[in-house]
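Shown next, in structure tokens, is the structure this report addresses.
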Amino acid sequence: MAWQLLAAAAPYLVKGVGQAMGIGRPEKEDFMPDTSYMDKYIGNLKSRMQGSETQHMAMQPMLRTIGQQGRRQTRQIEQQAAKTGMTGSGIEAQQRLSSQQNVITGLQEAGEKATALQVAENRRMGTESDRAVMEKERMIASGEQAFEQAEKGYNQGIKQNILEGVGAVA
């Protein structure tokens, strides 16, 4: 009769020993998502926000155009002064001063526009970075929830095995 009880309980004992040894126990790492790519992406966005690439890219063409216009105006003033015989006069100096003032004004406006573009780009990248951080946190929370469910199921399986073993012996 003892053999019959042992035979009835044997599968449950084997399963219980395996469970006691931790075989089949869920590991948290198995449920956690790989967010290393998200970390790299967020780091990239934050480093780009620290730079002024957009401002630089916006300023270069404007500076080139302003420089070309300034040189063209200077040549025109020189040619006009040479034609009219006003070279070295106060009128030529006034025209040169006015031309340089236009160049300075153009540079200021270009700088303001480029700065505004950089601020807008930084704001956009900040929003994108925040969105990525929220997505990463959502993924981690989802992994933790899946792990908790698996652990509850594992613990429930242990209880079920004990009850079935007792029932088989009874």
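FYI, the numbering just counts along the sequence from 1. Note that these values count all heavy atoms, side chains included, but never hydrogens, waters or copies made by symmetry.
For the pair Gly51 and Gln118, the tightest heavy-atom approach, listed with the atom from each and the gap, is O-NE2, 3.4 Å. Across all non-hydrogen atoms, the minimal contact from Pro26 to Phe147 is O-CE1, 3.5 Å.
Judged purely by atom type and a 3.5 angstrom limit, Thr65 uses its side chain to pair as donor or acceptor with the backbone of Pro61. When atom types are taken as modelled, the side chain of Glu92 and the backbone of Gly88 share a donor-acceptor pair closer than 3.5 angstrom. In this structure a side-chain-to-backbone donor-acceptor pair under 3.5 Å is present from Thr84 to Gln80. Formation of a donor-acceptor pair under 3.5 Å by the Thr115 side chain with backbone atoms of Gly111 is found in this model. Side-chain N or O atoms of Thr74 include one that pairs as donor or acceptor with a backbone N or O of Gly70 at under 3.5 Å.
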- request: List the steps and the verdict of side-chain contact (heavy atoms from CB on, under 4.5 Å) for Gln95 and Gln73.
  value: CA-CA 9 Å; Gln95 288 176 340; Gln73 283 180 344; over 6 Å; no
task: List the steps and the verdict of side-chain hydrogen bond (donor to acceptor under 3.5 Å, both in side chains) for Glu151 and Asn155.
output: CA-CA 6 Å; Glu151 189 142 87; Asn155 291 335; 5.3 Å; no
message: Is there a salt bridge (charged side-chain N to carboxylate O under 4.0 Å, His left out) between Lys113 and Glu109? Walk through the geometry before answering.
response: CA-CA 6 Å; Lys113 287 179 184 177; Glu109 289 174 4; 5.3 Å; no
field: Derivation of the side-chain contact (heavy atoms from CB on, under 4.5 Å) call for Glu53 and His56
entry: CA-CA 5 Å; Glu53 184 177 332; His56 177 73; 5.6 Å; no
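The distance from the CZ atom of Arg71 to the CD1 atom of Ile66 is 11.0 Å, given to the nearest 0.5 Å. Taking OG from Ser142 and CZ from Phe31, the interatomic distance works out to 11.0 Å, rounded to the nearest 0.5 Å. Note that CD of Glu135 and CG of Asp130 are 13.5 Å apart. Values are rounded to the nearest 0.5 Å. Note that the OG atom of Ser99 and the CD atom of Gln94 stand 11.5 Å from one another [nearest 0.5 Å]. Note that CD of Glu128 is 11.0 Å distant from CG of Asn44, once rounded to the nearest 0.5 Å. The distance from the NZ atom of Lys136 to the CD1 atom of Ile140 is 5.0 Å, given to the nearest 0.5 Å.
The hydrophobic cluster containing Leu117 does not contain Met59, counting ILVMFWY residues as joined when their side-chain heavy atoms lie under 4.5 angstrom apart, directly or transitively. In the hydrophobic cluster analysis, where Ile, Leu, Val, Met, Phe, Trp and Tyr join through side-chain heavy atoms closer than 4.5 angstrom, Met38 is grouped apart from Leu45.
Lys46 is not listed as a side-chain neighbour of Met125, based on a closest heavy-atom distance of 4.5 Å or more.
Between Glu78 and Arg96 there is a salt bridge, since a side-chain N of the basic residue sits under 4.0 Å from a carboxylate O of the acidic one.
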